Number of protein chains: 2
Amino acid sequence: MPMVHNIRRQAGLAELAQQRGLRLTSQRRLIFSILESAPTHLNAKQILEEARKQDPGIDQVTVYRNLSVMKRMGVIDELDLLHLRGEEHYYEVRQLREHCHVGCLSCGQMFEFVTPAMKAINKALEKECNYKVAYARIEIGGYCAKCRGKEEQGKVIQKGKRVRSLTSATSRI
Amino acid sequence: MPMVHNIRRQAGLAELAQQRGLRLTSQRRLIFSILESAPTHLNAKQILEEARKQDPGIDQVTVYRNLSVMKRMGVIDELDLLHLRGEEHYYEVRQLREHCHVGCLSCGQMFEFVTPAMKAINKALEKECNYKVAYARIEIGGYCAKCRGKEEQGKVIQKGKRVRSLTSATSRI
DNA sequence: TCCTTATTGCAAACCGTTTGCAATAATATT
DNA sequence: AATATTATTGCAAACGGTTTGCAATAAGGA
């Protein structure tokens, strides 16, 4: 996972920080740069792990606090990914283009999807309810083509799912 | 909060239960009927509280386990409500009509919104990605007309938000 | 360079949720 | 209707992600 710095975005972080009296610590920069260059959405633990490669002394609480700050600054977004992977939260740098997060309930694979219909929802809401949309979170669960192919007759069971009894509170979704 | 039984839905629960070798215990019925007649989305704690009014001996673990079972049966849906209220999960009986959950980032008020654009997203996804949508969760954060009116010059701060320092990990969103 | 205070790291707490297990009770079987 | 089977319950304890208190540190303005 190469740590490529995105100049424009880093600058944005600095400006925003200054505006609000926030300080640009090495830890804050590091955490942001990890999120920026991450190929997938990461959770706090993963971010910590990655951060420790460059700053072994960094603490998880610093990660949590910075995620919280950036979230409030609107620099990053927090996702649940339909709890397909677990109960933790996942993070991504806020994208210019609104997108949905789609996950396969069978294999757990997630991907992003862009469609104009997303904006249509916001428009409708603003028009019909006089509501000013700040952000929309769309998470969709379904079955990808590959998994539907495999599903010959049996029920599709989520990969890696631990099923002891139907009452066990173990599995997700 | 009157416990009105919805015959059709209860029957549905019974059928579904039987199909899957699940048993219709008094606790399971009770929890379902609470969700059915709830005026808002409830979290596990609230459901337990409500359930104890009719069955003081019921345990929270029973609530959790049943929510998990019903979730897997597709009888109820689990929501995060954008974490506007907290990190817990909220539940609702699965609706026939797909709807979005919209919340005001200022006053925290939540409401449901129905628009054909929602189905358009699913259609696009099925067509463009050969994906079979099982369910979509749309959660939107924004500012209601009332709060936008109040926002004369200052920043809108979420009601009840505890803010000590900008770094405090206390506030939501 | 000094001062103010935002931020950090550590340890411990917190809270929603899950698990192990023996007792109980809902269904299927006889 | 009686019995056998096993899903479900309640209790107590654990779990895991996240948050808090606090003293030490360091960023950014004066």
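Note that the structure is a prediction, hence the values are computed from the model and not measured. Within every chain, numbering begins at 1; the chains are lettered A, B, ... in the order of the sequence lines, protein sequences first and strands thereafter.
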| Within the 6.0 Å centroid threshold, strictly below: A:F32 and A:Y91 | no
| query | Does a nitrogen or oxygen in the side chain of B:H89 sit under 4.0 Å from OP1 or OP2 of C:dG16? | reply | no
| query | Taking for each residue the nucleotide of DNA chain C bearing the nearest heavy atom, is the 5' side occupied by B:T25 or by B:Q60? | reply | B:Q60
| note | Among D:dA7, D:dT19, D:dT9, the one nearest any side-chain atom of B:R23 is D:dA7
| request: Go through C:dT18, C:dC10, D:dG10 for me and flag the one nearest to the A:V61 side chain. | output: C:dC10
| request: Kindly say if A:Q27 contacts the phosphate of C:dG9, meaning a side-chain N or O under 4.0 Å from OP1 or OP2. | output: yes
| query | Whole-Å distance between D:dG21 P and A:D59 CG? | reply | 16 Å
| query | Can you check the A:Q46 CD to D:dG16 C1' distance for me, whole Å? | reply | 15 Å
| query | With respect to the side chain of A:T62, which nucleotide from C:dT17, D:dG28, C:dG9 is positioned closest? | reply | C:dG9
| field | Selected nucleotide, minimal atom distance to A:L24 side chain, candidates D:dG28, C:dC10, D:dG10 | value | D:dG28
| request: Could you state the atom-to-atom distance from CD1 of B:I31 to C1' of D:dG10 in whole Å? | output: 13 Å
| said: Testing the 3.5 Å rule here: is there a donor-acceptor pair between the side chains of A:H101 and A:E92? | reply: yes
| query | Quick check: are there more than 12 heavy atoms from other residues, nucleotides or ligands sitting under 6.0 Å from CD of A:Q109? | reply | no
| For A:K45 and D:dC15, what is the distance between atoms NZ and C1' respectively, to the nearest whole Å? | 12 Å
| query | Side-chain donor-acceptor pair under 3.5 Å between B:H41 and B:E112, yes or no? | reply | yes
| remark: In whole angstroms, the gap separating C1' of D:dT8 from CG of B:L22 amounts to 10 Å
| request: State whether B:R137 and A:D80 are salt-bridged, where the test is any N-O pair (Lys NZ or Arg NE/NH1/NH2 against Asp/Glu carboxylate O) under 4.0 Å. | output: no
| Charged N to carboxylate O under 4.0 angstrom, B:E49 versus B:R52? | no
| field | Interatomic distance where CG belongs to B:L48 and P belongs to C:dT17 [whole Å] | value | 12 Å
| request: Taking atom types as modelled, find out whether A:E78 and A:H89 have a side-chain donor-acceptor pair closer than 3.5 angstrom. | output: yes
| said: Counting only side-chain heavy atoms from C-beta out, which of C:dT8, D:dC11, C:dG9 sits nearest to A:N66? | reply: C:dT8
| query | Taking five pairs at each end, how big is the angle between the two axes of the helix from C:dT1-D:dA30 to C:dT30-D:dA1, to 10°? | reply | 50°
| Nucleotide of C:dG9, D:dG17, C:dT27 approaching A:E88 most closely (side-chain heavy atoms) | D:dG17
| query | With respect to the phosphate group of C:dT17, does any side-chain polar atom (N or O) of B:Y64 fall under 4.0 Å of OP1 or OP2? | reply | yes
| request: Calculate the interatomic distance between B:L42 atom CG and C:dG16 atom P; express it in whole Å. | output: 15 Å
| task | Let me know the distance between CZ of A:R72 and P of C:dA6, rounded to the nearest Å. | result | 13 Å
| Minimum-distance nucleotide (side-chain atoms of A:R65 versus D:dG10, D:dG21, D:dT18) | D:dG21
| task | Would you kindly say whether B:N122 and B:E98 are connected by a side-chain donor-acceptor distance under 3.5 Å? | result | yes
